[in-house]
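Any value given below was found using the heavy atoms of this structure, including those in side chains, with hydrogens, waters and symmetry copies removed.
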Amino acid sequence: MTNQFGSQPFAFNKDLGAPVLATEKDFTQTNSQGQSVVPLTQEQKYLFDTQGWVVLPNLLEADELEAMTAFITQLHKEPQSIPAYKRSPLGGPTQELADHPAILGFLNEFVYMPYTDGANGPTLANENCYGYRLEMSAHRYVEAGPNDFGPHNGNGEMRLPGDQHLYRCFPGKANAGLVRVLWELAPVVKDRGGTLFISGSHKAAFRAPESAWDPSSSLWESYECPAGSALIFTEGVTHSAATSWDADHPRISVLMSYNTVGGRWHHWDPDPQLVAEMPAKRQTLFRPIYTDNNFVV
C-alpha cells in the first residue's frame with residue numbers, strides 16, 4: 001500500500017508486534033520554504049532498490065545553479081572571504097539543498113520510518129519536523145587529473161546492529177541506512193570521472209571478487225547527468241571515486257549525508273550559529289540523536 005508520500009511499511013512497531021500503520025499525516029509534506037515534497041516515481045524507487053543508487057536529473061533552475069556554483073567555488077578557493085561559521089555548504093545558497101523537495105521525497109521513502117510510542121502517540125515526523133537527520137555535509141571541487149580509486153562498502157543486508165552502512169528490505173518497503181546525496185553542480189559525462197558503483201552489491205551475500213579492485217572491470221557502472229542533478233546512493237552499495245576526472249571543467253559538487261533521527265555515523269556538527277539562522281523546520285535536521293519523543297510539535 002502506498003500513500004502520496006511514502007510506501008506503507010509492512011513492519012512491526014515496538015509493542016507486542018503491532019504493525020506500523022502510517023498515513024499522509026505521518027510524513028512531512030512540505031519543506032522549510034513551504035514547497036511540496038516531490039514523491040519518487042515507481043521507476044525511481046525500483047532503480048534505487050535494485051541498483052543501490054539513482055540519479056534525479058535537472059532539479060535546479062539556472063539561477064539557483066549559478067548562485068550555488070559561485071558559492072562553492074568561493075568556498076573552495078577563497079574560504080577566508082566567508083565568515084568562519086558559514087564555511088560549509090550550509091553557509092550559502094547551497095543550504096537549500098538540505099531539504100530540497102525531491103530529496104525529501106526520497107528520504108520519506110527510504111530513510112524515515114514512522115515509529116510511534118506504541119500507544120497512538122505522535123510519529124517522528126509531522127509538518128513541523130523531519131523524520132531524519134542531516135549528519136554531514138561537504139563540498140567537492142575537482143580539477144582534471146587523477147583520483148584515488150578506493151572501492152568500499154557493500155553487503156548492506158549483512159551488517160550487524162550499530163553499523164549504519166546497511167540496507168534492509170522486505171516486500172513493499174526498504175530502508176537504506178546511511179544515505180549520501182551528491183549534488184552535481186557541473187555536468188558529469190559517463191565514464192569520465194563520476195562516482196563508480198557495483199550495482200546490487202548492497203544486497204550481496206558473498207564477498208566481492210578480486211576483479212572489484214580493477215577499475216576497468218565490467219562490474220563497475222557509472223552515470224551521466226546535466227548540471228543541477230542529484231546522485232543518491234546508500235552507503236551499503238560498493239562504490240568508489242573514479243581513477244580520474246577527465247573533463248574540460250572542474251567537478252563541483254555538494255555532499256549531504258542523512259540518517260535516521262536515532263542513528264549517527266559521522267563525528268560532525270554544523271556551527272550552532274548557522275543552525276540558529278536557519279528556518280525552524282530546517283533546524284530539525286540537526287536535532288539530538290534519539291528516538292523516544294524526538295519530534296517537534
Side-chain angles (χ1 to χ4, degrees), residues 31-33 35 55-104 107 133-148 150 178-189 192-195 225-233 235 239-242 244-259 264-279 281-286:
N31 73 355
S32 60
Q33 296 171 291
Q35 299 167 312
V55 175
L56 307 185
N58 296 311
L59 296 181
L60 300 178
E61 300 293 337
D63 57 339
E64 295 177 304
L65 189 58
E66 181 179 4
M68 292 178 184
T69 301
F71 176 74
I72 295 301
T73 301
Q74 179 186 9
L75 179 63
H76 181 76
K77 294 186 173 184
E78 302 175 347
Q80 298 300 323
S81 68
I82 301 172
Y85 77 100
K86 290 187 174 182
R87 292 175 194 164
S88 86
L90 300 176
T94 44
Q95 183 188 121
E96 295 181 5
L97 301 177
D99 57 354
H100 188 281
I103 301 308
L104 297 185
L107 296 172
R133 297 184 72 257
L134 198 166
E135 69 163 49
M136 192 274 282
S137 181
H139 78 280
R140 302 284 186 268
Y141 190 102
V142 181
E143 302 277 5
N147 279 333
D148 294 327
L178 180 63
V179 166
R180 311 287 199 194
V181 179
L182 188 63
W183 286 90
E184 302 285 11
L185 302 184
V188 176
V189 179
R192 293 182 63 184
T195 304
C225 64
S229 301
L231 166 68
I232 309 175
F233 59 97
E235 272 293 306
H239 57 282
S240 173
S244 65
W245 176 255
D246 180 21
D248 58 5
H249 59 270
R251 185 184 189 184
I252 305 174
S253 54
V254 171
L255 179 67
M256 303 277 185
S257 296
Y258 298 87
N259 212 329
R264 180 172 187 165
W265 184 262
H266 292 98
H267 185 217
W268 176 93
D269 286 296
D271 191 288
Q273 181 180 350
L274 182 58
V275 174
E277 294 177 0
M278 295 179 185
K281 188 184 289 189
R282 189 173 293 158
Q283 291 181 34
T284 70
L285 288 172
F286 309 100

Flag the pair [X] / [Y] as yes when at least one side-chain heavy-atom distance between them is below 4.5 Å, and no otherwise.
| X | Y | result |
| --- | --- | --- |
| Val254 | Leu185 | yes |
| Thr195 | Arg251 | yes |
| His266 | Leu178 | yes |
| Met278 | Leu90 | yes |
| Met136 | Leu255 | yes |

Could you measure the distance from the [atom1] atom of [X] to the [atom2] atom of [Y]? Nearest 0.5 Å is fine.
| X | Y | atom1 | atom2 | answer |
| --- | --- | --- | --- | --- |
| Leu97 | Ile103 | CG | CD1 | 8.0 Å |
| Leu75 | Tyr141 | CG | OH | 11.5 Å |
| Lys281 | Asn31 | NZ | CG | 7.0 Å |
| His139 | Thr73 | NE2 | OG1 | 9.0 Å |

Search all heavy atoms of [X] against all heavy atoms of [Y] and return the closest pair with its distance.
| X | Y | value |
| --- | --- | --- |
| Pro279 | Ser32 | CB-CB, 3.8 Å |
| Ala98 | Leu285 | O-CD1, 3.8 Å |
| Asn147 | Ala242 | CB-O, 2.9 Å |
| Ile82 | Gln74 | CG1-NE2, 3.6 Å |
| Gly194 | Val188 | CA-CG1, 3.8 Å |

- Message: Checking Phe286 against Asp269 for the side-chain contact (heavy atoms from CB on, under 4.5 Å) test, could you report, in this order, the C-alpha distance in whole Å, the side-chain angles of both residues, the deciding distance, and whether it holds?
- Response: CA-CA 8 Å; Phe286 309 100; Asp269 286 296; over 6 Å; no
- Task: Could you name each residue pair satisfying salt bridge (charged side-chain N to carboxylate O under 4.0 Å, His left out) that touches residues 73-101, not counting sequence neighbours?
- Result: Asp99-Arg282
Judged by atom type as modelled, is there a donor-acceptor pair below 3.5 Å linking the side chain of [X] to the main-chain atoms of [Y]?
| X | Y | result |
| --- | --- | --- |
| Glu135 | Trp265 | yes |
| Ser253 | Glu184 | no |
| Ser257 | Ser137 | no |
| Tyr85 | Pro270 | no |
| His249 | Pro187 | yes |

- Residues which pass side-chain contact (heavy atoms from CB on, under 4.5 Å) with Asn58, listed by chain and number, not counting sequence neighbours: Pro226
Acceptor/donor pairs from residues 61-72 side chains to any protein atom, 3.5 angstrom cut, sequence neighbours excluded:
from  : atom 1 : to    : atom 2 : distance (Å)
Glu64 : OE1    : Glu61 : N      : 2.8
Thr69 : OG1    : Leu65 : O      : 2.8

So, using salt bridge (Lys or Arg N to Asp or Glu O under 4.0 Å) as the criterion, who are the partners of [X] when residues are at least two apart?
| X | value |
| --- | --- |
| Asp246 | Arg192 |
| Arg133 | none |
| Glu235 | Arg180 |

- Please test His100 against Leu60 for side-chain contact (heavy atoms from CB on, under 4.5 Å), starting from the C-alpha separation and ending with a verdict. CA-CA 10 Å; His100 188 281; Leu60 300 178; 4.2 Å; yes
- Evaluate side-chain contact (heavy atoms from CB on, under 4.5 Å) for Ile232 paired with Leu56, printing each intermediate quantity in order. CA-CA 8 Å; Ile232 309 175; Leu56 307 185; 3.7 Å; yes
